[in-house]
Amino acid sequence: MEPDRKTAEQAIREAYESNPGGWAEHSRYVAQACENIASHCKGLSGEKAYVLGLLHDIGRHAGVSSEKHLIDGYRYCSARGWNKAAQICISHAFMIQDINTSIGTFDVSEEDYLFMKNFVANAVYDDYDRLVQLCDSLALPTGFCLLEKRFVDVTIRYGVHPFTVDRWKKILQLKAFFEKKTGCSIYDLLPGVVENSFRQEESHAL
């Protein structure tokens, strides 16, 4: 059984106390974007989407890390019986289902790497996985932003990787997918996206 909004928000507050950082505000905006878009999609729950978006980076409770936060989040949620949230803790980073498309560093044990490799290859994605993947690219710690701004923000921090452009293309496909489902531009559902996208630049390290 997945957590309700109150439980998920408490989890984020406690995780932030363990490892303060912009990742928590980023997660809140991801959650809001998920809720706003899901609320306009037949068959999706805005409440469920909010919770899953909020928890996608909960693995950062364990400290500053790269791809380790994915499996830390998976374990955190799995231990509480939050199975879908656990999956999204890993799946949000792999819009292309191939471990080699990662842009981060696998600061994990060989055993954990092999687990993640198998998990990513065999996970069955649904529209909640896809929605969090999209919304992860629509949110900075300061608010919603154009996809292209987030692409540049992440690339400046992580560098250019062999699959960087393929990942961008996949996210743009997800944008088109959800715009077809909502019948509008996703940006119409993100308050302040224009203002935040064009505000003065600042560091957005998560």
Side-chain angles (χ1 to χ4, degrees), residues 12 16 19-41 49-50 52-60 64-67 69-70 73 88-98 101-105 120 125 127-182 184-206:
I12 285 292
Y16 177 81
N19 178 32
W23 69 269
E25 283 304 311
H26 159 74
S27 295
R28 292 188 177 97
Y29 281 111
V30 171
Q32 188 179 341
C34 286
E35 180 177 36
N36 291 0
I37 295 172
S39 295
H40 288 77
C41 295
Y50 179 92
L52 295 174
L54 189 63
L55 294 174
H56 81 283
D57 268 349
I58 193 69
R60 295 197 182 280
V64 178
S65 65
S66 185
E67 300 299 68
H69 84 278
L70 306 178
I88 285 178
C89 283
I90 294 179
S91 72
H92 79 267
F94 298 99
M95 62 290 301
I96 301 172
Q97 288 189 246
D98 181 343
T101 63
S102 166
I103 60 171
T105 300
V120 170
Y125 289 1
D127 284 353
Y128 289 106
D129 295 89
R130 300 181 188 101
L131 183 58
V132 177
Q133 290 163 0
L134 172 63
C135 293
D136 193 24
S137 290
L138 289 168
L140 294 169
T142 53
F144 304 122
C145 65
L146 301 176
L147 287 174
E148 291 81 2
K149 178 160 184 169
R150 175 76 165 142
F151 290 168
V152 172
D153 167 67
V154 171
T155 302
I156 286 173
R157 290 187 287 114
Y158 287 88
V160 178
H161 293 258
F163 286 90
T164 293
V165 174
D166 289 334
R167 288 168 61 93
W168 291 349
K169 289 179 178 178
K170 185 62 177 180
I171 292 296
L172 291 170
Q173 289 173 8
L174 292 174
K175 174 179 178 288
F177 174 78
F178 281 103
E179 288 183 333
K180 184 175 181 180
K181 290 180 74 69
T182 61
C184 67
S185 168
I186 55 171
Y187 297 123
D188 291 340
L189 306 174
L190 306 177
V193 64
V194 173
E195 294 83 355
N196 190 60
S197 292
F198 294 101
R199 72 166 61 199
Q200 184 176 352
E201 293 297 325
E202 55 188 278
S203 174
H204 298 303
L206 304 181

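All residue numbers refer to positions in the sequence shown, counting from 1. Remember, it's a predicted structure, so these values are computed and weren't measured experimentally.
- In this structure a side-chain-to-backbone donor-acceptor pair under 3.5 Å is present from Lys149 to Ser197.
- His56 pairs in a side-chain contact (heavy atoms from CB on, under 4.5 Å) with only one of the listed residues (Ser27, Cys89, Cys34), which is Ser27.
- The main-chain N or O of Ala49 is never found under 3.5 Å from a side-chain atom of Glu35 such that the two would form a donor-acceptor pair.
- Under the 30°/60° scheme for interplanar angles, the aromatic rings of His92 and His69 are found to be tilted.
- Between Phe94 and Asp129 there is no side-chain heavy-atom pair separated by less than 4.5 Å.
- The distance from the CG atom of Leu131 to the CD1 atom of Ile88 is 8.5 Å, given to the nearest 0.5 Å.
- With Asn196 contributing its side chain and Gly143 its backbone, the two residues share a donor-acceptor pair below 3.5 Å.
- A heavy-atom distance below 4.5 Å is found between the side chains of Leu138 and Tyr187.
- For the pair Trp168 and Thr155, the minimum side-chain heavy-atom distance is below 4.5 Å.
- Residues Leu134 and Ile186 meet the side-chain proximity criterion, which asks for heavy atoms closer than 4.5 Å.
- Nearest heavy atoms, Leu190 versus Ala33: CD2-CB, 3.7 Å.
- A salt bridge links Arg157 with Asp153: at least one charged nitrogen is closer than 4.0 Å to a carboxylate oxygen.
- In this structure, the side chain of Arg167 engages the main chain of Ala93 through a donor-acceptor pair within 3.5 Å.
- Judged by distance alone, the side chain of Arg130 and the main-chain N or O of Met95 form no donor-acceptor pair under 3.5 Å.
- Side-chain atoms of Gln133 come within 3.5 Å of backbone N or O of Ser91 as a donor-acceptor pair.
- For Tyr128, the ring-ring contact (aromatic ring centres under 6.0 Å, His included) criterion is met by no residue, not counting sequence neighbours.
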